[in-house]
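To keep things clear, I will list the structure first and then write my remarks on it.
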Amino acid sequence: MPISLLVASSDDHFREMIRENLLNVQNAKVLSEYPEVNANLYIRVLQDLERHPEAALVVDLGSDPESCLKSLEKVKQAAPDLYVIASNYSSDGDLVIGTLRAGANDFIIQPIKRIEFRDAMTRLEKAPRRASTNASKLGKIYTFLGVKGGAGTTTLAVNFAGVLAQRKQQTVLLDLDWSANDAAMQLGAAPQYTLQEVGENLSRMDQALFEGFVMRDPLGFFLVGPPDSAEHRAYFTEPMLREFTTFLVEKYESIVVDAGRHLADEVVLGALQSSSSIFLVTTQEFPAIRNAQRYIGALMRMGFNQDQLKIVLNHYQKRNNPNYATLEQVQQTLNQPVFYGIPSSPAVLTAINKGRPFVADRAAAGDLDRAFRAFVDKATGAKKKAEVA
């Protein structure tokens with residue numbers, strides 16, 4: 001049986017050691033890497049297990065054993081049948097026992113020796129692996145990341161949330177574009193409470209409190225974003241976002257994130273690391289394609305994989321134009337298929353000027369509305385579910 005591993009470690013060298021040792025194991029590969037072992041590790045693990053239920057997890061405890069053990073325990077609570085191999089520099093008896101009590105099935109000492117790693121893989125192959133067939137009950141995070149300004153990232157995120165809400169899903173739209181703050185503008189809203197208040201109340205956050213101070217759009221989804229202040233950024237950190245997204249996925253079915261285009265922002269990066277799907281929004285203009293290439297390279301170096309990254313061509317034109325890249329050129333340049341193309345339509349600008357999502361007026365949006373809903377179907381797996389039913 002092929003061996004598929006998920007590797008969680010903040011140490012680049014450890015992740016590299018795992019990859020190198022797997023070269024000596026037949027039919028073995030690393031499916032995903034998590035560069036941090038933190039409180040919401042279980043979210044990303046569950047997301048990957050939905051696609052690869054046979055996978056096992058390798059956890060590096062070296063950075064902070066106590067904190068890592070808590071993360072491991074939470075992972076095992078969420079996925080009791082997951083096979084976990086823990087690793088640390090210390091082989092202290094109490095630590096090993098604590099690791100096994102937290103849910104680890106095996107333990108290997110660092111630095112990892114080739115023969116010991118091969119023995120661990122042999123034990124993994126022989127272990128009865130009961131792949132979980134139950135879908136995760138956690139909500140999914142869909143993040144829209146633009147490769148440049150003006151690509152339409154916010155418009156796609158706002159309307160994506162709108163369609164999910166129209167389908168009666170409990171949905172939250174999270175605007176992390178601190179400089180633009182365009183989501184509220186496109187909804188014709190001026191929220192009284194923002195991410196600043198979320199950060200100040202995280203310690204006592206519950207669903208009633210959250211829904212009591214964030215804005216609810218007439219379509220049914222909740223909006224929370226930055227304060228409308230261009231001169232300074234409110235205090236909201238990446239650890240705060242981790243805690244907040246952990247709360248959101250436990251309470252809501254879908255969380256849609258407008259990440260703007262700021263890949264280097266720590267809060268945006270935290271959202272990306274928690275996402276089920278990352279929609280990289282680009283256009284067919286050559287500077288945008290170049291930027292998309294750079295973004296993909298950066299995300300891959302950060303440990304993301306092609307299953308998570310989905311290229312979305314906004315303002316998509318089928319007809320050849322010397323000023324725009326063709327679909328084939330885009331895919332060849334990015335070395336990745338385009339997930340979906342959203343056509344241009346004057347209905348977008350009309351809707352933005354009205355301060356409402358274009359999906360709120362299906363008749364006015366016409367072909368765009370039909371194409372966009374097909375995109376949402378594909379992105380959420382709704383079409384597959386309908387076929388199964």
Side-chain angles (χ1 to χ4, degrees), residues 1-11 14-15 17-18 21-22 25 28-112 116-140 239 242-243 245-247 249-250 273-274 276 303:
M1 184 177 182
I3 292 176
S4 302
L5 296 182
L6 312 172
V7 183
S9 173
S10 59
D11 185 353
F14 178 86
R15 299 199 302 273
M17 273 197 302
I18 297 296
N21 278 283
L22 276 185
V25 181
K29 61 182 177 180
V30 172
L31 293 174
S32 290
E33 296 182 17
Y34 316 121
E36 290 189 6
V37 184
N38 53 40
N40 63 359
L41 172 64
Y42 76 101
I43 297 173
R44 293 196 63 190
V45 170
L46 286 177
Q47 290 164 351
D48 282 327
L49 286 177
E50 285 194 2
R51 293 188 292 268
H52 308 285
E54 78 290 350
L57 175 67
V58 179
V59 183
D60 174 17
L61 308 178
S63 59
D64 182 350
E66 186 177 347
S67 173
C68 291
L69 282 178
K70 289 179 181 177
S71 298
L72 167 58
E73 195 169 6
K74 203 163 187 179
V75 168
K76 287 294 286 190
Q77 287 172 353
D81 295 331
L82 174 65
Y83 192 97
V84 177
I85 302 170
S87 180
N88 197 9
Y89 287 99
S90 171
S91 58
D92 175 74
D94 290 340
L95 175 64
V96 174
I97 291 171
T99 303
L100 297 176
R101 283 176 177 167
N105 302 84
D106 203 344
F107 186 93
I108 51 179
I109 301 169
Q110 298 178 41
I112 296 175
E116 292 177 356
F117 183 83
R118 192 167 60 242
D119 288 345
M121 293 300 100
T122 301
R123 291 192 293 271
L124 169 59
E125 283 184 301
K126 291 180 179 179
R129 284 163 32 204
R130 296 171 293 169
S132 176
T133 54
N134 295 325
S136 168
K137 294 180 180 179
L138 293 174
K140 288 184 167 54
R242 281 191 216 155
E243 187 175 346
T245 53
T246 300
F247 161 77
V249 297
E250 290 176 347
Q273 289 173 341
S274 299
S276 305

Subject >> Heavy-atom side-chain contact between V58 and F117 under 4.5 Å >> reply: no
**OP:** First locate atom CG of L49, then atom CD of E54, and finally report the distance between them rounded to the nearest 0.5 Å.
**Re:** 8.5 Å
Subject >> Atom pair CE (M121) and CG (L22), whose distance is rounded to the nearest 0.5 Å >> reply: 6.5 Å
Original post:
Which atom pair, heavy atoms only, marks the closest approach of S9 to D60?
Top reply: OG-OD2, 2.7 Å
Subject >> F247: ring-ring contact (aromatic ring centres under 6.0 Å, His included) partners, not counting sequence neighbours >> reply: F210
Original post:
For the atom pair CG (L57) and OH (Y42), what is the distance rounded to the nearest 0.5 Å?
Top reply: 15.0 Å
Original post:
Tell me, do E36 and S63 make a side-chain contact under 4.5 Å, heavy atoms counted?
Top reply: no
Original post:
Considering the options R44, Q47, K140, which one meets the side-chain hydrogen bond (donor to acceptor under 3.5 Å, both in side chains) requirement together with S276?
Top reply: Q47
Original post:
Can you find a heavy atom in the side chain of R15 that is under 4.5 Å from one in the side chain of P35?
Top reply: yes
Subject >> Minimum heavy-atom distance P65-N88, with the two atoms named >> reply: CG-ND2, 4.0 Å
Subject >> Reported CG-to-CG distance for the pair L46 and L41, which is rounded to 0.5 angstrom >> reply: 9.5 Å
Original post:
Can you tell if the side chain of V25 reaches within under 4.5 Å of the side chain of N21, non-hydrogen atoms only?
Top reply: no
Subject >> Distance (rounded to the nearest 0.5 Å) between I112 CD1 and I85 CD1 >> reply: 9.0 Å
Original post:
Do you know the tightest heavy-atom contact between F107 and S90?
Top reply: CZ-O, 3.5 Å
**OP:** Would you name the heavy atoms of Y89 and I109 that are closest together and state the gap between them?
**Re:** O-CG2, 3.8 Å
Original post:
Which pair of heavy atoms, one from V84 and one from G103, lies closest together, and at what distance?
Top reply: CB-O, 4.4 Å
Original post:
How far apart are the closest heavy atoms of I108 and S87, and which atoms are they?
Top reply: O-OG, 3.0 Å
**OP:** Would you mind reporting whether L82 and V45 have side-chain heavy atoms less than 4.5 Å apart?
**Re:** yes
Subject >> Backbone N/O of L95 and side chain of D92: donor-acceptor pair under 3.5 Å >> reply: yes
Hey, can you pull the donor-acceptor pairs under 3.5 Å for the side chains in residues 67-74, sequence neighbours left out?
| residue | atom | partner | partner atom | Å |
| --- | --- | --- | --- | --- |
| S71 | OG | N38 | O | 2.9 |
| S71 | OG | S67 | O | 3.3 |

Original post:
So, do K29 and L5 sit near enough that their side-chain heavy atoms are less than 4.5 Å apart?
Top reply: no
**OP:** Name all pairs fulfilling the side-chain hydrogen bond (donor to acceptor under 3.5 Å, both in side chains) condition that reach into residues 98-108, sequence neighbours left out, sorted by first residue then second.
**Re:** D106-R123
